[in-house]
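Okay, so here's the structure we're looking at.
Each chain gets a letter, A, B and so on, in the order its sequence line appears, and its residues count up from 1.
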Amino acid sequence: MQKKSRNGYVIPAGAVCFSESDTAVNPPIIMESTYAPSVIEKQAQHDWEEQQTFKAVEDPQREKFYCLAMFPYPSGKLHMGHVRNYTIGDVIARHQRMLGKNVLQPMGWDAFGLPAENAAIKNNRPPAEWTYANIDEMRSQLKLLGFGYDWDRELATCDPDYYKWEQWLFTRLMEKGLAYKKRATVNWDPVDQTVLANEQVIDGKGWRSGARVEKRDIEQWFVRITDYAQELHDSIEQLDGWPEAVRTMQRNWIGRSEGVEMEFGLEGSDETLSIYTTRPDTLMGVTYVAVAAEHPLAQQAAANNPELAAFIEECKQGGVSEAEVETMEKKGMALGLNALHPVSGDAIPLYTANFVLMSYGSGAVMAVPAHDQRDWEFAKKYGIAIKQVIFADDGSDCGVEDGAYVEQGVLKNSGEFDGLTSAEAFDAIALWMQQHDKGGIKTNFRLRDWGVSRQRYWGCPIPVINRANGESSAADEFPVRLPEDVHVDGSGSPLKRMPQFYDLGNGDRRETDTFDTFFESSWYFARYCSFDNDSAMLDERANYWLPVDQYVGGIEHAVLHLLYARFFNKLMRDEGLLKHDEPFKRLLTQGMVVAETYYRSNADGSREWFNPADVESDGDGFTLKSDGLPVSAGGVEKMSKSKNNGVDPQQLIDRYGADTVRLYTMFTAPPDQSLEWSDEGVEGAYRFLRRLWMLAANNAGLIRTAAASQDETSRDIRRDLHGVLKKALFDYERQQFNTVVSACMTLVNSLYKSDDASLLREGVGIVLQLLAPIAPHISHHLWRELGYGDDILTAGWPQVDEEALVQQQIEYVTQVNGKVRAKVQVPADADQAVIETLVLQNENVKRFIGDAQIRKIIVVPGKLVNIV
RNA sequence: GCCCGGGUGGCGGAAUUGGUAGACGCAGCGGACUUAAAAUCCGCCGGCCAUCGCGGCCGUGCCGGUUCAAGUCCGGCCCCGGGCACCA
């Protein structure tokens, strides 16, 4: 018996809980009455370390499960986004472990990157030092959160033992012709005399100098991802464990299209201009052809046309990002040259335009103003003819006076192609091109080859030697080690000033560019399997663990990182290093962690941002706690240093413990949605864990000595218990952990109403098991303390007792004309006729039917009746 | 500009995928306990109307449609977020 207050509610029993009737046989069971996370978490983590619980060992006899969360960039301290990401991963890993799988969950560091160089400039310390210090800091924070990693496999991409293998692989790609050099456009800061990342271009200006950014072509290394475009496109089909949105984004990014390639003639020349279009049916409506500003034809025409030369110069202004190119004002200028229409032979004016990209296709596009909106606007602006050749086949309005008609239809004004539908014309024109030796059907991809050269220091050196004779050859020793003792001042890569690095004698120079950091993150998932192999990139162990069964990471990686990793997997497969075709079986893209922002505007228009913790509401506005003066709310944004709206996970762990932080991040939003921070919500999560603790502490004696006896009320509670359990197990399967936590709360609430020992033992056990992946420390502790067993992680997974769910009476929601009018109790075994009779006897139902004729009665078995 | 998501109470969210809208939690209000506060426990909690506590009408960003039945499906808009190839 537990102690009860006068009104019948359980009161905390102090440090000693005992079962009065059993004291003679069993000594009182001592259990701490207050929940002290700092103590039990340290103890649980100690137990796991001592038992080597999370050490992963290959075992072909057991079903494996490889669970991976995207490794962090070591930016300083852990932020809430990390906590969320790694909690989701750990919940899945622990769940699978409890299901009996042989689980691998590793952790490492995506350690190369731009921020280390910026920090180096600011602190005047080498990037390596800053990076390794951050890794140490963040590792210890991850450990405090109790994540079940096999730390033996930890890796950092800036470690030569790691990056030497990607250097080696790159030289293999060079041998296979999959890596090549070509000129490509970068952002150039004319003042700082340095290449800028897109992120460093703000409104077309350099972030430090403020100078107008220019486009500049330089020699760079590329990897032929386009050779794999078709396979990367087709195997998206296999990725049925990925969110549909991500598969669509990847498909669109690769951008497979069927079109026609055709040769346009050039007036007064034997040369031709190759043009690709997905709308060959509009061919007879072409009224101009546009080429990129860097196109040889434009350059040529500019030679004796100063006005054109000035325009081409103007096109060089601004950054290279697609968002910038696509949103700027569309401008162009006639070259004074004509192209010749491949079919009619008519002269077509050539223009150069700032929206045509040299790096995409042939750098030339045919323009059909009548049937393309951008072409239409351009034609209106420059007084170019608009010739309609497609008309609606149902005779509906299809004029082009107010805008382009972009639908498919029937051809007119198209000579021999008149009368064909768009689809027929596609084939007819392709055939015509083929017969006249001027082109034909071609599959095109939007995807471009992967430019991997970066003119930066803190990255993996590209293992290439640039020979005195102008040729490039692969390095033959690995690693090509990046010097770590350097001074970074922002004036370009220090490697370019280090002859001891690049000067190989005889005029041979080591390449000073480094790899895109996506290079490192494209294969780390595989290296975890063969982490200690010093003689090969990968080994057989990779074929045991891979593919990754569950990958977890931010939605912002939906295209680039995931596409490059898929590509690298195929490269490694074709190198004979791996067997499987795809690296990630199942993917969970988690949402961002966001919080309210607050600011004051400075005189110069800039904003000073205040942390939400320092702001309070005064009813109709917000004030800063320190001075009581008003601040403005800036809306909910992703937690960031720049908006000063971050919450430090460390402080929360110190105050509430890791279990509360983990529980809160799982409970407050489903994993794939953005999570809005709330301090009160954390308080609520903590309250729940304390409540669970008290339930256990108050009933420890009952639970430990439970006998199998149950009364009637217990049967009802047990039915609910197993109903909720069923839902929770379903939610685990679909990875909706917020409702798993809800289920646990519901269970604890109903268990508080019972003093049936057997029910309490079963119910508390189920709650602990359901909670074990989410709040592992408290579950680990109580499982042992209440005598369920030694280790909850090896105790199996709870099962629904279907017997317990059986009901005598079922409540039918009864609608009249689709509106709920009653809830009627019906025997579980009633047939349709009985259900209808019972339902029609209900007073409220009768009232709403009145003397209306019943047309139809719809019965959804076990649930609902609708009387029409 | 292009591609992909998302809009449900005061707030975070739930609704087993077309079948009771608002589970669970936060905040708030009322009560119990306390000398008091905190903690804890109990109750109420979308809006409007009505009433003995029966009950009714409206309600899931906006407009329209399909259906016995729509938060869920279809068409058209509005707003917010993510990505756009050198941030990671």
Side-chain angles (χ1 to χ4, degrees), chain A residues 5-12 70 72-73 75 110 113-115 186-187 195-201 243-246 248-249 251-253 255 320-328 330 355 359 374 447-448 450-451 453-456 516-518 521 554-561 563-564 589 591-592 594 635-638 664 667-670 672-685 687-688 690-691 694 726-727 730-731 734 736 738-739 741-746 749 752 811 813-815 817-820 823 844 847 855-858 860 863-868:
Chain A
S5 65
R6 248 176 310 145
N7 52 14
Y9 301 111
V10 180
I11 53 167
M70 291 180 186
Y73 178 77
S75 52
D110 187 16
L114 205 48
V186 295
N187 302 305
V195 176
L196 297 179
N198 283 336
E199 187 193 48
Q200 299 170 317
V201 179
E244 202 45 55
V246 177
T248 307
M249 279 189 264
R251 225 175 263 124
N252 292 343
W253 186 263
V320 298
S321 77
E322 187 176 316
E324 192 177 336
V325 173
E326 289 292 326
T327 50
M328 71 190 172
K330 310 287 183 287
F355 56 83
S359 53
R374 188 178 65 186
L447 183 68
R448 310 196 294 262
W450 179 12
S453 296
R454 297 291 180 270
Q455 297 69 45
R456 302 194 206 298
D516 176 3
T517 56
F518 276 127
S521 56
I555 182 70
E556 67 273 20
H557 295 294
V559 178
L560 290 178
H561 162 63
L563 186 67
Y564 291 138
T589 49
M592 297 176 307
V594 299
V636 173
E637 303 245 17
K638 180 176 178 174
Y664 172 73
F667 174 59
T668 206
D672 56 355
Q673 279 181 36
S674 62
L675 183 159
E676 192 177 329
W677 193 260
S678 139
D679 288 336
E680 292 81 11
V682 182
E683 199 69 55
R687 202 173 297 153
F688 167 69
R690 249 179 7 222
R691 227 169 112 74
M694 289 316 298
K726 190 169 187 172
K727 168 90 166 67
F730 174 75
D731 288 343
R734 61 170 176 164
Q736 187 174 285
N738 54 326
T739 46
V741 178
S742 298
C744 292
M745 290 170 167
T746 307
N749 287 344
Y752 257 95
E811 184 184 82
V813 171
T814 306
Q815 301 178 328
N817 286 325
K819 290 194 184 257
V820 178
K823 288 160 190 181
N844 211 37
R847 187 154 73 84
R855 275 202 291 135
K856 193 155 61 158
I857 300 182
I858 293 145
V860 180
K863 260 194 179 159
L864 175 142
V865 181
N866 191 8
I867 301 158
V868 188

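If you take atom C1' in A21(B) and the same atom in C58(B), they sit 13 Å apart, rounded to whole Å. Rounded to the nearest Å, the gap between the C1' atom of A23(B) and that of U16(B) is 12 Å. Nucleotides A70(B) and G1(B) have their P atoms positioned 36 Å apart, rounded to a whole Å. Across C78(B) and A88(B), the matching P atoms stand 35 Å from one another, rounded to whole Å. The P atoms of C63(B) and G9(B) are separated by 15 Å, rounded to the nearest whole Å. Comparing A50(B) with G13(B), their C1' atoms are spaced 32 Å from each other, to the whole Å. Across G46(B) and C52(B), the matching C1' atoms stand 25 Å from one another, rounded to whole Å. Atom name C1', nucleotides G64(B) and C80(B): the rounded distance is 23 Å, in whole Å.
With rounding to whole Å, Glu811(A) atom CD is found 17 Å from G19(B) atom P. The separation between Leu675(A) atom CG and C26(B) atom C1' is 13 Å, rounded to whole Å. Whole-Å rounding puts the Arg690(A) CZ to A39(B) P distance at 8 Å. Distance CD (Glu324(A)) to P (C2(B)): 17 Å, rounded to an integer number of Å. Distance, Glu326(A) CD to C3(B) P: 11 Å, rounded to whole Å. Following rounding to the nearest Å, Tyr752(A) (OH) and C41(B) (P) show an atom-to-atom distance of 6 Å. Remark: P of A14(B) and NZ of Lys727(A) are 9 Å apart, rounded to the nearest angstrom. A straight line from CZ of Arg691(A) to P of C24(B) spans 12 Å, rounded to a whole angstrom.
Ile858(A) CD1 to Asn866(A) CG: the interatomic distance, rounded to the nearest 0.5 Å, is 5.0 Å. Annotation: the span from Met70(A) atom CE to Glu556(A) atom CD amounts to 7.5 Å, rounded to 0.5 Å.
Counting any heavy atom pair closer than 4.0 Å across all strands shown, Lys823(A) reaches a base atom. Within 4.0 Å (heavy atoms only), Arg855(A) reaches no atom of the nucleic acid at all. Using a 4.0 Å heavy-atom criterion, one finds that Asn844(A) contacts the sugar-phosphate atoms exclusively. Within the nucleic acid shown, Pro670(A) comes within 4.0 Å of sugar-phosphate atoms alone, with no base atom in reach, counting heavy atoms only. Contact annotation for Val325(A): no contact, since no heavy-atom pair falls under 4.0 Å across all strands. As judged by a 4.0 angstrom heavy-atom cut-off over every strand, Asn749(A) is placed among residues touching the sugar-phosphate backbone only. Here Gln673(A) lies in heavy-atom contact (under 4.0 Å) with sugar-phosphate atoms only. At a threshold of 4.0 angstrom between heavy atoms, the contacts of Ser678(A) with the nucleic acid are absent. Residue-level contact check: Val195(A) touches the bases, meaning some heavy atom is under 4.0 Å from a base atom. Among the atoms of the strands shown, base atoms are found under 4.0 Å from some heavy atom of Val813(A). Using a 4.0 Å heavy-atom criterion, one finds that Ile867(A) contacts no nucleic acid atom at all.
Checking A14(B), G12(B), C87(B) against the side-chain heavy atoms of Phe667(A) singles out G12(B) as nearest. Picking from C68(B), U20(B), C87(B) the nucleotide with the shortest atom distance to the side chain of Lys856(A) gives C68(B). Distances were taken from every side-chain heavy atom of Phe518(A) (C-beta onward) to each of A88(B), A15(B), C24(B); the shortest belongs to A88(B). Taking the side chain of Gln815(A) as heavy atoms from C-beta on, and the options G25(B), U20(B), A14(B), the nearest nucleotide is U20(B). When distances are taken from the side chain of Ala197(A) to each of C87(B), G12(B), A21(B), the shortest belongs to C87(B). In the set A88(B), C4(B), A21(B), A88(B) carries the atom at the smallest distance from any side-chain atom of Leu114(A). The side chain of Gln736(A) approaches A15(B) more closely than any other nucleotide in the set A85(B), A15(B), A27(B). Counting only heavy atoms from C-beta on, Arg734(A) has its side chain closest to A15(B) among A15(B), G1(B), G13(B). Taking every side-chain heavy atom of Met745(A) into account, G25(B) is the closest of G25(B), G19(B), A88(B).
With hydrogens and angles left out, the side chain of Lys863(A) and the base of U20(B) share no donor-acceptor pair within 3.5 Å. The base of C3(B) lies outside donor-acceptor range of the side chain of Asn252(A), with no N or O pair under 3.5 Å.
Around atom NZ of Lys726(A), no more than 12 heavy atoms belonging to other residues, nucleotides or ligands sit under 6.0 Å away. Atom CZ of Arg734(A) sits in a crowded spot, with more than 12 heavy atoms from other residues, nucleotides or ligands closer than 6.0 Å.
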Legend entry - Pairing pattern in dot-bracket form [Watson-Crick, G-U; both distances under 3.5 Å; | = partner strand] for RNA chain B: (((((((..(((......[....))).(((((.......))))).((((.....))))..(((((..]....))))))))))))....
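Under the 30°/60° scheme for interplanar angles, the aromatic rings of Trp677(A) and Tyr664(A) are found to stand perpendicular.
A close approach under 4.0 Å does not occur between any side-chain nitrogen or oxygen of Arg687(A) and OP1 or OP2 of A39(B). Look at Asn738(A) and you won't find any side-chain N or O under 4.0 angstrom from OP1 or OP2 of C24(B). Contact between the side-chain N/O atoms of Asn866(A) and the OP1/OP2 oxygens of U67(B) is not found at any separation under 4.0 Å.
In this structure, the side chain of Tyr752(A) engages the main chain of Arg691(A) through a donor-acceptor pair within 3.5 Å. For the pair Glu326(A) (side chain) and Ala323(A) (backbone), a donor-acceptor distance under 3.5 Å is absent. No donor-acceptor pair closer than 3.5 Å links the side chain of Asn738(A) to the backbone N or O of Thr668(A). A donor-acceptor contact shorter than 3.5 Å links the side chain of Asn187(A) to the backbone of Val320(A).
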Inset, instruction - Start with the C-alpha distance between Thr739(A) and Asp731(A), add both sets of side-chain angles, then the distance that settles side-chain hydrogen bond (donor to acceptor under 3.5 Å, both in side chains), and finish with yes or no. - result: CA-CA 7 Å; Thr739(A) 46; Asp731(A) 288 343; 2.7 Å; yes
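Classified by its glycosidic torsion, U17(B) falls in the syn category, the angle being within 90° of 0. Using a 90° window around 0 for the glycosidic torsion, G43(B) falls outside it and is classed as anti.
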Show me the protein contacts with nucleotides 81-84 of chain B, counting only N or O atoms at under 3.5 Å.
| residue | atom | partner | partner atom | Å |
| --- | --- | --- | --- | --- |
| C84(B) | O2' | Glu322(A) | OE1 | 3.3 |

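Along RNA chain B, the nucleotide nearest Gly113(A) and the nucleotide nearest Ala669(A) are compared for position; the residue whose nucleotide lies closer to the 5' end is Ala669(A). Nearer the 5' end of RNA chain B, as judged by each residue's closest nucleotide, is the contact made by Glu244(A), out of Glu244(A) and Val860(A).
Side-chain atoms of Val865(A) and Val860(A), non-hydrogen and from C-beta on, never get closer than 4.5 Å to each other.
For the 3.5 Å distance criterion, the side chains of Asp110(A) and Ser521(A) fail to qualify, holding no donor opposite an acceptor.
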